[in-house]
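Below: the structure, in C-alpha coordinates.
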Amino acid sequence: MRFVASKYKVALDGTPDTLSLVDQYVRDAREAVHERPESIDLVAPAIGAYLGEVMRREFGAEWNVSESYESYRLYFTNVYLSFNPIGVAREALTQEEQDGWHAHFALDPGDSEVIEARLSIMPLESEDEYYLPTTRFDVVAVIVSTLRAKAEQTGLGDVSFTSDDYE
(Lines give C-alpha, C1' and ligand atoms only; values in the text may rest on other atoms or scores of the structure.)
Protein backbone atom coordinates (compact mmCIF):
# COMPACT_ATOMS: atom_id res chain seq x y z
CA MET A 1 0.00 0.00 0.00
CA ARG A 2 2.85 2.31 0.89
CA PHE A 3 4.68 1.69 -2.40
CA VAL A 4 1.63 2.54 -4.50
CA ALA A 5 0.73 5.57 -2.37
CA SER A 6 4.28 6.87 -2.66
CA LYS A 7 4.47 6.39 -6.42
CA TYR A 8 0.96 7.44 -7.51
CA LYS A 9 -0.28 9.53 -4.56
CA VAL A 10 -3.36 7.28 -4.27
CA ALA A 11 -4.26 5.24 -1.21
CA LEU A 12 -5.26 1.62 -1.73
CA ASP A 13 -8.31 0.54 0.27
CA GLY A 14 -8.09 -3.25 0.08
CA THR A 15 -10.89 -3.65 -2.45
CA PRO A 16 -10.82 -5.36 -5.85
CA ASP A 17 -11.36 -1.99 -7.54
CA THR A 18 -7.84 -0.91 -6.55
CA LEU A 19 -6.12 -3.85 -8.24
CA SER A 20 -5.83 -1.87 -11.48
CA LEU A 21 -3.47 0.48 -9.62
CA VAL A 22 -1.47 -2.53 -8.48
CA ASP A 23 -1.38 -3.73 -12.10
CA GLN A 24 0.16 -0.42 -13.13
CA TYR A 25 2.65 -0.62 -10.28
CA VAL A 26 3.63 -4.11 -11.49
CA ARG A 27 4.10 -2.86 -15.05
CA ASP A 28 6.32 -0.04 -13.82
CA ALA A 29 8.26 -2.32 -11.44
CA ARG A 30 9.08 -4.89 -14.13
CA GLU A 31 11.86 -2.72 -15.53
CA ALA A 32 13.37 -2.17 -12.09
CA VAL A 33 13.28 -5.91 -11.39
CA HIS A 34 14.90 -6.57 -14.75
CA GLU A 35 17.68 -4.05 -14.03
CA ARG A 36 18.11 -5.08 -10.38
CA PRO A 37 16.91 -8.67 -9.96
CA GLU A 38 17.41 -8.57 -6.19
CA SER A 39 14.62 -5.97 -5.92
CA ILE A 40 12.06 -8.70 -6.52
CA ASP A 41 12.66 -9.88 -2.95
CA LEU A 42 11.28 -6.56 -1.67
CA VAL A 43 8.59 -5.80 -4.23
CA ALA A 44 6.97 -9.24 -4.71
CA PRO A 45 6.07 -9.79 -1.02
CA ALA A 46 4.42 -6.35 -0.89
CA ILE A 47 2.38 -6.96 -4.04
CA GLY A 48 1.55 -10.53 -3.05
CA ALA A 49 0.46 -9.54 0.45
CA TYR A 50 -1.88 -6.90 -0.92
CA LEU A 51 -3.36 -9.20 -3.56
CA GLY A 52 -3.74 -11.98 -1.01
CA GLU A 53 -5.50 -9.67 1.44
CA VAL A 54 -7.92 -8.45 -1.23
CA MET A 55 -8.75 -12.07 -2.10
CA ARG A 56 -8.96 -13.13 1.54
CA ARG A 57 -11.53 -10.44 2.24
CA GLU A 58 -13.48 -10.90 -1.00
CA PHE A 59 -13.71 -14.69 -1.13
CA GLY A 60 -13.11 -15.88 2.43
CA ALA A 61 -9.68 -17.33 3.07
CA GLU A 62 -6.97 -17.50 5.67
CA TRP A 63 -3.24 -17.07 5.46
CA ASN A 64 -0.90 -19.93 6.25
CA VAL A 65 2.50 -18.39 6.86
CA SER A 66 5.80 -19.86 7.89
CA GLU A 67 9.43 -18.88 7.99
CA SER A 68 9.87 -18.38 4.24
CA TYR A 69 7.80 -16.57 1.64
CA GLU A 70 8.04 -19.59 -0.69
CA SER A 71 5.83 -21.60 1.66
CA TYR A 72 3.14 -18.97 2.28
CA ARG A 73 -0.34 -20.01 1.17
CA LEU A 74 -3.80 -18.54 1.01
CA TYR A 75 -6.30 -21.23 2.04
CA PHE A 76 -9.86 -20.56 0.95
CA THR A 77 -12.58 -21.44 3.44
CA ASN A 78 -15.69 -21.85 1.25
CA VAL A 79 -14.01 -23.88 -1.50
CA TYR A 80 -10.95 -26.11 -1.62
CA LEU A 81 -8.41 -23.82 -3.27
CA SER A 82 -4.96 -22.63 -2.28
CA PHE A 83 -1.96 -20.87 -3.77
CA ASN A 84 0.85 -18.49 -2.85
CA PRO A 85 0.00 -14.85 -3.64
CA ILE A 86 3.68 -13.90 -3.32
CA GLY A 87 4.44 -16.45 -6.03
CA VAL A 88 1.72 -14.84 -8.13
CA ALA A 89 3.40 -11.46 -7.61
CA ARG A 90 6.80 -12.86 -8.62
CA GLU A 91 5.25 -14.21 -11.82
CA ALA A 92 3.58 -10.86 -12.48
CA LEU A 93 6.92 -9.09 -12.16
CA THR A 94 8.94 -11.56 -14.25
CA GLN A 95 6.16 -12.64 -16.64
CA GLU A 96 7.22 -16.23 -16.29
CA GLU A 97 6.55 -19.15 -13.99
CA GLN A 98 8.50 -19.17 -10.76
CA ASP A 99 9.39 -22.74 -9.83
CA GLY A 100 8.93 -23.54 -6.16
CA TRP A 101 6.70 -20.54 -5.44
CA HIS A 102 3.34 -22.35 -5.80
CA ALA A 103 1.64 -19.54 -7.68
CA HIS A 104 -0.68 -21.93 -9.47
CA PHE A 105 -3.94 -23.05 -7.99
CA ALA A 106 -4.09 -26.19 -5.88
CA LEU A 107 -7.54 -27.79 -6.11
CA ASP A 108 -9.17 -30.99 -5.01
CA PRO A 109 -8.22 -33.45 -7.77
CA GLY A 110 -11.92 -34.17 -8.29
CA ASP A 111 -12.50 -30.52 -9.20
CA SER A 112 -9.60 -30.07 -11.61
CA GLU A 113 -11.49 -31.22 -14.70
CA VAL A 114 -14.50 -28.94 -14.17
CA ILE A 115 -12.23 -25.96 -13.46
CA GLU A 116 -10.06 -26.63 -16.51
CA ALA A 117 -13.20 -26.83 -18.66
CA ARG A 118 -14.57 -23.59 -17.21
CA LEU A 119 -11.30 -21.71 -17.60
CA SER A 120 -10.82 -22.95 -21.16
CA ILE A 121 -13.81 -20.90 -22.33
CA MET A 122 -12.47 -17.67 -20.88
CA PRO A 123 -11.00 -15.23 -23.39
CA LEU A 124 -7.24 -15.48 -23.85
CA GLU A 125 -5.18 -12.66 -22.40
CA SER A 126 -2.00 -11.16 -23.76
CA GLU A 127 1.13 -12.24 -21.92
CA ASP A 128 1.27 -8.81 -20.27
CA GLU A 129 -2.30 -9.16 -18.98
CA TYR A 130 -2.08 -12.86 -18.11
CA TYR A 131 0.22 -12.38 -15.14
CA LEU A 132 -1.30 -9.18 -13.70
CA PRO A 133 -3.05 -9.19 -10.30
CA THR A 134 -6.40 -8.15 -11.79
CA THR A 135 -6.39 -11.11 -14.18
CA ARG A 136 -5.46 -13.52 -11.39
CA PHE A 137 -8.23 -12.04 -9.25
CA ASP A 138 -10.73 -12.57 -12.09
CA VAL A 139 -9.59 -16.18 -12.52
CA VAL A 140 -9.98 -16.82 -8.79
CA ALA A 141 -13.49 -15.30 -8.94
CA VAL A 142 -14.41 -17.76 -11.70
CA ILE A 143 -12.90 -20.70 -9.81
CA VAL A 144 -14.66 -19.79 -6.57
CA SER A 145 -18.05 -19.26 -8.22
CA THR A 146 -17.72 -22.52 -10.18
CA LEU A 147 -16.74 -24.54 -7.10
CA ARG A 148 -19.47 -22.91 -4.99
CA ALA A 149 -22.10 -23.75 -7.63
CA LYS A 150 -20.86 -27.34 -7.77
CA ALA A 151 -20.99 -27.60 -3.98
CA GLU A 152 -24.54 -26.23 -3.89
CA GLN A 153 -25.67 -28.64 -6.63
CA THR A 154 -24.24 -31.63 -4.79
CA GLY A 155 -25.69 -30.64 -1.42
CA LEU A 156 -22.32 -29.61 0.01
CA GLY A 157 -22.92 -25.87 0.05
CA ASP A 158 -22.48 -25.63 3.80
CA VAL A 159 -19.05 -27.32 3.85
CA SER A 160 -16.15 -25.12 4.88
CA PHE A 161 -12.43 -25.77 4.98
CA THR A 162 -9.80 -25.04 7.61
CA SER A 163 -6.03 -25.13 7.47
CA ASP A 164 -6.20 -28.75 8.74
CA ASP A 165 -7.91 -29.72 5.47
CA TYR A 166 -4.94 -28.41 3.50
CA GLU A 167 -2.22 -30.07 5.56
statement: Sorted by chain and number, sequence neighbours left out, side-chain hydrogen bond (donor to acceptor under 3.5 Å, both in side chains) with T135 holds for none

- prompt: Got a sec, which pairs hit side-chain hydrogen bond (donor to acceptor under 3.5 Å, both in side chains) with one end in residues 116-129, sequence neighbours left out?
  reply: R27-D128, R27-E129, R30-D128

message: For residues 144-167, which residue pairs pass the ring pair (Phe, Tyr, Trp, His ring centres under 6.0 Å) check, not counting sequence neighbours?
response: Y75-Y166, Y80-F161, Y80-Y166

message: Evaluate H102 against F83 for side-chain contact (heavy atoms from CB on, under 4.5 Å), listing each step before the verdict.
response: CA-CA 6 Å; H102 306 281; F83 64 94; over 6 Å; no

field: Separation between CG of L132 and CZ of R136, rounded to the nearest 0.5 Å
entry: 9.5 Å

query: Mind checking whether V22 and Y8 sit in one hydrophobic cluster, side chains of I, L, V, M, F, W, Y counted as touching below 4.5 Å?
result: yes

message: Just so I know, are the side chains of L51 and L19 near enough to count as touching, which here means a heavy-atom distance under 4.5 Å?
response: yes

- prompt: From L147 CG over to I115 CD1, what is the distance, rounded to the nearest 0.5 angstrom?
  reply: 4.0 Å

- prompt: Considering residues at least two apart in sequence or located in another chain, which fulfil the side-chain hydrogen bond (donor to acceptor under 3.5 Å, both in side chains) criterion with Y131?
  reply: none

- request: Could you note down all residue pairs passing side-chain hydrogen bond (donor to acceptor under 3.5 Å, both in side chains) where residues 152-163 supplies at least one of them, sequence neighbours left out?
  value: R148-E152

field: ILVMFWY network linking V142 to I121, side-chain heavy atoms under 4.5 angstrom
entry: no

statement: Heavy-atom nearest pair, A44 first then A89, reads O-CB, 3.3 Å

query: How long is the gap from CZ on R90 to CG on N84, to the nearest 0.5 Å?
result: 9.5 Å

message: Could you measure the distance from the CZ atom of F59 to the OG1 atom of T77? Nearest 0.5 Å is fine.
response: 11.5 Å

field: Contacts of type side-chain hydrogen bond (donor to acceptor under 3.5 Å, both in side chains), residue Y72, not counting sequence neighbours
entry: none

task: Check the pair Y69, D41 against side-chain contact (heavy atoms from CB on, under 4.5 Å), reporting the backbone distance first and the verdict last.
output: CA-CA 9 Å; Y69 288 141; D41 294 329; over 6 Å; no

Gap separating the CG atom of L74 from the CE atom of M55, nearest 0.5 angstrom: 8.0 Å

message: Side-chain heavy atoms under 4.5 Å apart, restricted to Ile/Leu/Val/Met/Phe/Trp/Tyr: what other residues fall into the cluster of L124, or is it alone?
response: none

message: For a quick test of reading the model, state the closest non-hydrogen atom pair linking I86 to A49 and the distance between them.
response: CG1-N, 4.5 Å

task: Take V26 and L93 through the side-chain contact (heavy atoms from CB on, under 4.5 Å) test and state the conclusion after the steps.
output: CA-CA 6 Å; V26 165; L93 290 163; 4.3 Å; yes

message: Could you measure the distance from the CG atom of L12 to the CZ atom of R2? Nearest 0.5 Å is fine.
response: 12.5 Å

field: Full working for side-chain contact (heavy atoms from CB on, under 4.5 Å) between V144 and N78
entry: CA-CA 8 Å; V144 169; N78 294 321; 6.0 Å; no

message: Would you say that V4 contacts Q24 through its side chain, given a criterion of any heavy-atom pair below 4.5 Å between the two side chains?
response: no

statement: Taken in chain and number order and not counting sequence neighbours, the residues that satisfy side chain to side chain contact (heavy atoms under 4.5 Å, CB included) with E31 are E35

message: Around atom CD of E113, are there more than 12 heavy atoms from other residues, nucleotides or ligands closer than 6.0 Å?
response: no

task: For D23, enumerate each residue passing the side-chain hydrogen bond (donor to acceptor under 3.5 Å, both in side chains) test, keeping only those at least two apart in sequence or located in another chain.
output: T134

message: Which heavy atom of A32 sits nearest to which heavy atom of S39, and what is that distance?
response: O-OG, 3.7 Å

query: Do L119 and I143 have side chains that get closer than 4.5 Å, going by heavy atoms?
result: yes

query: Does A46 have any side chain to side chain contact (heavy atoms under 4.5 Å, CB included) partners at least two apart in sequence or in another chain, and if so, which?
result: F3

message: Determine whether a donor-acceptor pair (N or O, by modelled atom type, separation under 3.5 Å) exists between the side chain of R73 and the backbone of S71.
response: yes

- prompt: Who are the side chain to side chain contact (heavy atoms under 4.5 Å, CB included) partners of E53, not counting sequence neighbours?
  reply: R56, R57, W63

Name each donor-acceptor pair under 3.5 Å that joins a side chain in residues 103-110 to protein atoms two or more places apart or in another chain, with its distance.
from : atom 1 : to   : atom 2 : distance (Å)
H104 : NE2    : E91  : OE2    : 3.3
D108 : OD1    : G110 : N      : 2.7

Path from I47 to L42 over hydrophobic side-chain contacts below 4.5 Å: yes

